[in-house]
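This report concerns only the one structure given below.
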Amino acid sequence: MGTLSLDDFKAVKIPVPWGHISGRWYGNRTERPILAIHGWQDNLGTFDRLLPLLPDYLGILCIDLPGHGRSCHLQPGMHYSVDDYVDIIPRVMKEYGWQKVSLLGHSMGAILMFVFAALAPHAVDMVISLDILISECRQPEGNNLRLAAHNMEKHLGEDERLVGGCSREPPAYPLQKMCSALAKGSFNSVRQEVAHHMLHRQVTRSRLYPGKYYFSRDGRIKFINHAYLDNGLFAEMARRIETNPYLVIKASDSPYVGPSEALSILTANNPNFEFHEVQGTHHVHLNEPEKCAQYIVPFLIRHRPPPTLNSWSKEQSLLGTKVFHASSKL
């Protein structure tokens, strides 16, 4: 038994009322996999460099959230929101008949998992959260009100463009320039040399300009409805996650993680909660995946062990070597 291969996957389309959710099921397809969800404006390619460092006895189902990657966009008039994205988790569970779910998420994907774990702790057997627990409380005043008003206006503009049937292609660029734009758009959290891992699922080849591409994700996701919740509610949610195995990996150069009270509650109350900090940016799992894998692999073995742990244990030392050296080959 070894590690996952990016070449070993099955493309999936999960039916939903507005179309389908696209995904890739990597590795073992005979057992319930880990459900992996990316961050805001990213796609499942965000896990491309992490997956080959993870053990292959568990499959991983990576999905593109609606409006992202190759998943269907919502109909005109509908608004993307963090609250509604949470519902994607039970939809996937229902499609495959899962009674429980194991979760791996980055950024917004990890926020969805925190909310779902608090709402349905009985249905979650494990959570791996990359560089966030829950978003900081946004006070409904000042800049946050201005941002909400700005997003409302811009979203309406995008809707009008869709309803008007605008047939013009968006601006198109060479792939190298788009890699640069993606890195810059992430505030250089994504290194330009690895940006292509996400780019390939969110661009379309131009019909007008050979050799050029344009971004094909739904423009409305830039103006998503954020959840305006308070720290008291976050604390109560954390109290509901009493025993669920929960791993948070914090990037040192990132401002994200969440309210300290919620973290303190999980640390004090949940015996299966782990928190680790690694050097890197918000996308450290993509830039330097071995730094995250060194904590994820032991966590997986403890909380979703292979069927025959003894027979697999002989290979753990080899796996450890891959975790720390394979990134140079990705």
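All heavy atoms count here, side chains included; hydrogens, waters and symmetry mates do not.
A donor-acceptor distance shorter than 3.5 angstrom exists from the side chain of Arg49 to the backbone of Asn287, with no hydrogens or angles considered. In this structure, Asn244 contributes its side chain and Val124 its backbone to a donor-acceptor pair below 3.5 Å. A distance-only check finds no donor-acceptor pair linking the side chain of Tyr213 to the backbone of Gln202 [under 3.5 Å]. For Arg24 (side chain) and Asp8 (main-chain N/O), no donor-acceptor pair under 3.5 Å exists by modelled atom type. A donor-acceptor pair under 3.5 Å links the side-chain atoms of His68 to the main chain of Pro66, judged by distance alone. The backbone N or O of Arg239 lies less than 3.5 Å from no partner atom in the side chain of Asn269, so there is not a single donor-acceptor pair. At least one donor-acceptor pair closer than 3.5 Å links the side chain of Ser189 to the backbone N or O of His283. Side-chain N or O atoms of Lys250 include none that pairs as donor or acceptor with a backbone N or O of Val278 at under 3.5 Å. A donor-acceptor pair under 3.5 Å links the side-chain atoms of Arg240 to the main chain of Ala118, judged by distance alone. Checking side-chain atoms of Gln41 against main-chain N and O of Ile221 turns up no donor-acceptor pair under 3.5 Å.
Of the candidates Leu266, Thr243, Leu247, Ile241, Phe273 forms a side chain to side chain contact (heavy atoms under 4.5 Å, CB included) with just one, namely Leu266. Looking at Leu119, Leu103, Val115 one by one, the single match for side chain to side chain contact (heavy atoms under 4.5 Å, CB included) with Ile89 turns out to be Leu103.
By the 30° and 60° cut-offs, the orientation of the rings of His282 relative to His106 is tilted.
The residues Arg32 and Asp125 are annotated as salt-bridged, a charged nitrogen and a carboxylate oxygen being separated by less than 4.0 angstrom. Here Glu288 pairs with Arg191 in a salt bridge; the nearest charged N to carboxylate O distance falls below 4.0 Å. With salt bridges taken as basic N to acidic carboxylate O contacts below 4.0 Å, one links Arg302 and Glu274. Here Asp159 does not pair with Lys154 in a salt bridge; the nearest charged N to carboxylate O distance is not below 4.0 Å.
The cationic atom of Arg217 (NZ for Lys, CZ for Arg) lies less than 6.0 Å from the six-membered ring centre of Phe215 and within 45° of the ring axis. Cation-pi geometry between Lys177 and Tyr173 is not met at under 6.0 angstrom from the ring centre and within 45 degrees of the axis.
The distance from atom CG of Leu50 to atom CD1 of Ile60, rounded to the nearest 0.5 Å, is 7.0 Å. A distance of 13.5 Å separates NE2 of His303 from OH of Tyr246, quoted to the nearest 0.5 Å. One finds the CG atom of Asp42 at 13.0 Å from the CD1 atom of Ile37 (value rounded to the nearest 0.5 Å). Taken to the nearest 0.5 Å, the CD1 atom of Ile21 stands 6.0 Å off from the OG atom of Ser71. Separating the OG1 atom in Thr46 from the CG atom in Leu51 is a distance of 10.0 Å, to the nearest 0.5 Å. One distance of note links CG of Leu104 with SG of Cys292; it measures 9.5 Å at 0.5 Å rounding.
Residues Met237 and Val101 fall within the same hydrophobic cluster, defined by Ile, Leu, Val, Met, Phe, Trp and Tyr side chains chained together at heavy-atom separations under 4.5 Å. In the hydrophobic cluster analysis, where Ile, Leu, Val, Met, Phe, Trp and Tyr join through side-chain heavy atoms closer than 4.5 angstrom, Tyr256 is grouped apart from Leu286. A continuous path of hydrophobic side-chain contacts links Phe116 to Val16 [ILVMFWY only; heavy atoms under 4.5 Å]. Placement of Tyr85 and Phe223 in two distinct hydrophobic clusters is found when ILVMFWY residues are connected by side-chain heavy-atom separations under 4.5 Å, directly or transitively. Residues Val284 and Leu54 fall within the same hydrophobic cluster, defined by Ile, Leu, Val, Met, Phe, Trp and Tyr side chains chained together at heavy-atom separations under 4.5 Å.
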Inset, instruction - Applying ring pair (Phe, Tyr, Trp, His ring centres under 6.0 Å), run through Trp25 and Tyr96 and close with a yes or a no. - result: CA-CA 12 Å; Trp25 188 324; Tyr96 292 104; 5.4 Å; yes
Inset, instruction - Take Leu112 and Ile88 through the test side chain to side chain contact (heavy atoms under 4.5 Å, CB included) and record every step on the way to the result. - result: CA-CA 9 Å; Leu112 309 183; Ile88 297 301; 5.9 Å; no
Inset, instruction - For Met113 and Ser129, run side chain to side chain contact (heavy atoms under 4.5 Å, CB included): C-alpha distance rounded to whole Å, both residues' side-chain angles, the deciding distance at 0.1 Å, then the answer. - result: CA-CA 8 Å; Met113 294 171 183; Ser129 178; over 6 Å; no
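Note: Phe47 and His38 fail the aromatic proximity criterion, with ring centroids not under 6.0 Å apart.
Taking every heavy atom of both residues into account, Gly105 and Ala110 meet most closely at O-CB, 3.5 Å. Across Leu300 and Tyr57, no two heavy atoms sit closer than the pair O-OH, 3.4 Å. Residues Phe275 and Val257 approach most closely at CE1-CG2, 3.9 Å, considering heavy atoms.
Atom CE of Met93 has more than 12 heavy atoms from other residues, nucleotides or ligands within 6.0 Å.
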